[in-house]
**Q** 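Once you've had a glance at the structure underneath, I'll fire off some questions.
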Amino acid sequence: MDMNAYLSMFIDESNDHLQSLNENLLQLEGNPEDLSIVQSIFRSAHTLKGMSATMGFEDLAALTHEMENVLDLVRNSKLKMDSFIFDTLFKGLDALEAMVQDIVGGGTGKADVTSIVASLQGILKGDYKSQTAASTAAAPSASANAGGGEASGGVLLDQFQSSILLQSMEAGHQPYYVQVSVDENCVLKAARSYMVFNLLESNGEIVKSEPSVQDLEQEKFDRTFTVFTISTLTAEQLYEQIMNISEISSVTVTPLDAETLASLTSAPAAAAVEAPEKPAAAESATAPLANDSVKISSKPSAAPQSAPAAMNKTIRVDIDRLDTLMNLFSELLIDRVRLEQLASEIKRTELTETVEHMSRVSSDLQNIVLKLRMVPVDSVFNRFPRLVRDMAKSLNKKMELIITGADTELDRTVIDEIGDPLVHLIRNSGDHGIESVEERIASGKSETGTIHLRAFHSGNHVFIEVEEDGRGINKQKVLQIAIKNGVVTEEQSRNLTEEEIQMLIFAPGFSTADKISDISGRGVGLDVVKTKITSLGGNVTVTSAEGKGTKFSVQLPLTLSIISAMLIKLGSEKYAIPLSSIVETGIIKRSGILNVHGNQMVEFRGSIIPLVSLSSVLESPDYDESQEQETEIVVIRKGDKMAAVMVEEFIGQSEIVLKTLGKYLTNVYAISGATILGDGYVALIIDPNALIK
């Protein structure tokens, strides 16, 4: 069978497991005594190892196996985590991520991880606890006593399982240690393990399996599994019958005696930790096997399809298919609006009722189609706690990342592109923004710097903010470097506002860092950030107060979206304003317009807000509100700022499809896109955020 058919699934699931490992390791670093976190980490590592081996990526599987060995000691309370172990495991995770990225790029997933493997093996050799060395030494000696079972690899029995086997021997039964390997090309490994278990149970009882029954059912093992069983057959008969099962490559059957059992029996503490991982084997064993009526069942289910239903609640869909679905629904929505117009003109009851029903159904369909493309920004944000942790260690600073609004949803195409710009901004905040512990204490701040990462909706846009409480931007230093690098002339610098000076850090090659570091300097890569965000149809701004901190604000559009809008008229032209940005509509008299320092203002609910002439902004050819005594206004909001926009006439609310203006009409001021109305005409969509300064 061609494994390439499963490659995309392997890559997606590997990335999920690697992210889970990162998050859980960070949690464990904060609470090293929580063994439940270790169990979660171990399960993810074990699954990743099995997947990698199945797909033939042996280097990836080998490194994961070494990490798994360390985690196994931790979860069995034989090893305590410390900073060296954490750092080594994080380095291993970085190497695994690099291997997976190599596979994504068409490579073989190979990498030089000699130093990481040496560190992991050094941990296993007992550099930390003497009892660790003792326990690792016990397994080989036990394997030697088992005759042909040297591959037991440290598989241990707890006290209860060992007592069951001893009592069965006293009753005249023979216990065996059975090691089974399936063919390298075997695809349905769970089915083969089931057939082996079925054979063993029909001729005796199973006491323990490694991996666990649950892992065997879900194919979470490489090619080999082991079983402690009590059988009525001889060792030769067991060997022959198991080898008769198809796709079994090798079998080792080793009779056990009292001395071997003693060497394979683990301490009670290890058993207590291991018990939750293997419930089927341990919980069903409730009495000594001397009584033949007692059943110890460890048989996996008949086929891998019988895994828990919860495993199949989600499916992965190609983004191109969602694009096609969105485009098709966009056409359907345009036709629906046209049908609604025709029904209102013809005024036939049957047609009106049918169109109304179709509108309700298509509205539900619309909500589903939109949600399919929307992804929480959490999928991007979840990589940053690890980034900040590594920065803090590298720079010898104390810093904390606070994430809010991670459930804010954004279009998948934007999500895929926004990760790298945010990495640049957070690195700059940590490297140049947050001061050293000594500097912070000297300036009266807490020794731990704080980086805030926020996401929130505002109108038809999503805003992502990166804010830190560090030293802020030194405006004089920025101006000096800008003049030195030829970004601005000395004469131009005298007329720059504070906001314009701060935006100079986005100039190509601009940096205020006194020395180059492997993290960043303020401005390094920020020109790349601005270029990327602009290419997405967004915008980035920076505000800073010297000594208090800096805030980067990234504005991103909700692309390929269907939105509710207010349709308005300006002379012969029609426009749409997103409903999510509108506070209310109203009418003002010409006498109510105020003039403040040359700017038109209007009173709105106890406050004075700017008044914007839309006809002037858009250079309307056949409408001028200055000739009107009364003018309709739309009050719009951007964050906590508001403005009133003058229009000629309200047409009404409608759901519209947001279309881009194409490659030739990019970055048109105050226009975020266009839509096709029900009558076939095109209406431009106003960007309210551009109208509010």
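The basis for the numbers below is simple: all heavy atoms, side chains too, and nothing from hydrogens, waters or symmetry mates.
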**Q** Any donor-acceptor pair under 3.5 Å linking the side chain of Arg440 with the backbone of Ser446?
**A** yes

**Q** What pair of heavy atoms forms the shortest contact from Val38 to Arg75, and how long is it?
**A** CG1-CB, 3.6 Å

**Q** Looking at CG of Leu124 and NZ of Lys78, how far apart are the two atoms once the value is rounded to the nearest 0.5 Å?
**A** 11.5 Å

**Q** Using atom types as modelled and distance alone, determine if a side-chain donor or acceptor of Lys49 lies under 3.5 Å from a backbone N or O of Ala62.
**A** no

**Q** Taking only residues two or more places apart in sequence or in another chain, which ones pass side-chain hydrogen bond (donor to acceptor under 3.5 Å, both in side chains) with Gln101?
**A** none

**Q** Which residue is it: Ile41, Ile85, Leu28? I am looking for the one with a side-chain contact (heavy atoms from CB on, under 4.5 Å) to Leu71.
**A** Ile41

**Q** Considering residues, nucleotides and ligands other than Asn244, do more than 12 of their heavy atoms fall under 6.0 Å from its CG?
**A** yes

**Q** With a 3.5 Å distance limit and no angle check, can you tell me whether Ser52 reaches the backbone of Leu48 through a side-chain donor-acceptor pair?
**A** yes

**Q** Of the non-hydrogen atoms in Ser14 and Val100, which two are nearest, and what is the gap between them?
**A** CB-CG2, 4.1 Å

**Q** Are Thr408 and Arg454 linked by a side-chain donor-acceptor pair shorter than 3.5 Å?
**A** no

**Q** Please determine whether side-chain contact (heavy atoms from CB on, under 4.5 Å) holds for the pair Val227 and Val180, giving the CA-CA distance in whole Å, both sets of side-chain angles, and the decisive distance to 0.1 Å.
**A** CA-CA 8 Å; Val227 183; Val180 183; 5.8 Å; no

**Q** Of all heavy-atom pairs between Ala455 and Val377, which one has the smallest distance, and what is that distance?
**A** CB-CG2, 3.9 Å

**Q** Spell out, as yes or no, whether a donor-acceptor pair under 3.5 Å connects the side chain of Lys189 to the backbone of Phe221.
**A** yes

**Q** With a 4.5 Å heavy-atom cut-off, do Val182 and Glu247 have their side chains touching?
**A** no

**Q** Determine whether a donor-acceptor pair (N or O, by modelled atom type, separation under 3.5 Å) exists between the side chain of Glu240 and the backbone of Gln237.
**A** no

**Q** Closer than 3.5 angstrom, by distance alone: can the side chain of Asp102 be matched with the main-chain N or O of Ala98 as a donor-acceptor pair?
**A** no

**Q** What's the separation between atom CE in Met99 and atom NZ in Lys110, rounded to the nearest 0.5 Å?
**A** 9.0 Å

**Q** Answer yes or no: is there a side-chain heavy-atom contact under 4.5 Å between Val251 and Leu238?
**A** no

**Q** Could you list the residues that satisfy ring pair (Phe, Tyr, Trp, His ring centres under 6.0 Å) with Phe10, not counting sequence neighbours?
**A** Phe57

**Q** Begin from the C-alpha positions of Met81 and Leu89 and carry the test side-chain contact (heavy atoms from CB on, under 4.5 Å) through to its verdict.
**A** CA-CA 10 Å; Met81 298 293 290; Leu89 290 175; 3.7 Å; yes

**Q** Charged N to carboxylate O below 4.0 Å: is that the case for Asp87 and Arg389?
**A** yes

**Q** Distance check, rounded to the nearest 0.5 Å: Ser429 atom OG versus Ile451 atom CD1?
**A** 5.5 Å

**Q** Rounded at 0.5 Å granularity, tell me how far CZ in Phe197 sits from OG in Ser202.
**A** 13.0 Å

**Q** Does Gly204 offer a backbone N or O that forms a donor-acceptor pair with the side chain of Ser231 under 3.5 Å?
**A** no

**Q** Please examine the side chains of Arg223 and Cys186, heavy atoms only from C-beta on, and report whether any two atoms are closer than 4.5 Å.
**A** no

**Q** When rounded to the nearest 0.5 angstrom, what distance separates CG in Leu35 from CG in Asn76?
**A** 9.0 Å

**Q** Going by the rule side-chain contact (heavy atoms from CB on, under 4.5 Å), which residues pair with Thr232 if we only count those two or more places apart in sequence or in a different chain?
**A** Asn203

**Q** Looking at Asp72, Leu96, Leu21, Thr88, which hits side-chain contact (heavy atoms from CB on, under 4.5 Å) with Met67?
**A** Leu96

**Q** Could you tell me whether the side chains of Ser249 and Ser181 share a donor-acceptor contact shorter than 3.5 Å?
**A** no

**Q** Hey, are the side chains of Met195 and Arg192 touching, using non-hydrogen atoms and a 4.5 Å cut-off?
**A** yes

**Q** For residues Thr229 and Pro175, determine if any side-chain heavy atom of one lies less than 4.5 Å from a side-chain heavy atom of the other.
**A** no

**Q** Is there a side-chain contact between Thr450 and Glu468 in this structure, where contact means two heavy atoms from C-beta onward sitting under 4.5 Å apart?
**A** no

**Q** Testing the basics here: between Leu216 and Ser209, what is the closest heavy-atom pair and its distance to 0.1 Å?
**A** CD1-OG, 4.1 Å

**Q** Are Val437 and Thr448 close enough that some pair of their side-chain heavy atoms sits under 4.5 Å apart?
**A** no

**Q** Salt bridge or not for Glu447 and Lys398, using N-O below 4.0 Å?
**A** yes

**Q** Tell me if a side-chain donor or acceptor on Asp183 pairs with a main-chain N or O of Asn185 at a distance below 3.5 Å.
**A** no

**Q** Report the C-alpha distance between Val375 and Glu409 in whole Å, list the side-chain angles of each, state the deciding distance to 0.1 Å, and finish with yes or no for side-chain contact (heavy atoms from CB on, under 4.5 Å).
**A** CA-CA 5 Å; Val375 180; Glu409 292 188 330; over 6 Å; no

**Q** Between atom OG of Ser119 and atom NZ of Lys91, what is the distance when rounded to the nearest 0.5 Å?
**A** 6.0 Å

**Q** Using atom types as modelled, flag every donor-acceptor pair under 3.5 Å from a side chain in residues 378-386 to any protein atom, sequence neighbours excluded.
**A**
| residue | atom | partner | partner atom | Å |
| --- | --- | --- | --- | --- |
| Ser379 | OG | Pro376 | O | 3.1 |
| Asn382 | ND2 | Asp378 | O | 3.2 |
| Arg386 | NE | Asp390 | OD1 | 3.3 |
| Arg386 | NE | Asp390 | OD2 | 2.9 |
| Arg386 | NH1 | Asn22 | OD1 | 2.7 |
| Arg386 | NH1 | Asp94 | OD1 | 3.3 |
| Arg386 | NH2 | Phe90 | O | 3.4 |
| Arg386 | NH2 | Asp94 | OD1 | 3.0 |
| Arg386 | NH2 | Asp94 | OD2 | 2.9 |
| Arg386 | NH2 | Asp390 | OD2 | 3.3 |

**Q** side-chain contact (heavy atoms from CB on, under 4.5 Å) for Leu233 and Gln241? Distances and angles first, verdict last.
**A** CA-CA 10 Å; Leu233 302 176; Gln241 293 194 24; 3.8 Å; yes

**Q** Restricting to non-hydrogen atoms, name the atom on Ala53 and the atom on Glu58 that form the minimum distance, rounded to 0.1 Å.
**A** O-OE2, 4.1 Å

**Q** Under the side-chain contact (heavy atoms from CB on, under 4.5 Å) rule, collect the residues that match up with Ala95, sequence neighbours excluded.
**A** Leu63, Val113, Ile116

**Q** Hey, are the side chains of Leu453 and Ile464 touching, using non-hydrogen atoms and a 4.5 Å cut-off?
**A** yes

**Q** Applying ring pair (Phe, Tyr, Trp, His ring centres under 6.0 Å), can you list everything that pairs with Tyr176, at least two apart in sequence or on another chain?
**A** none

**Q** For Tyr239, is the OH atom crowded, meaning more than 12 foreign heavy atoms sit under 6.0 Å from it?
**A** no

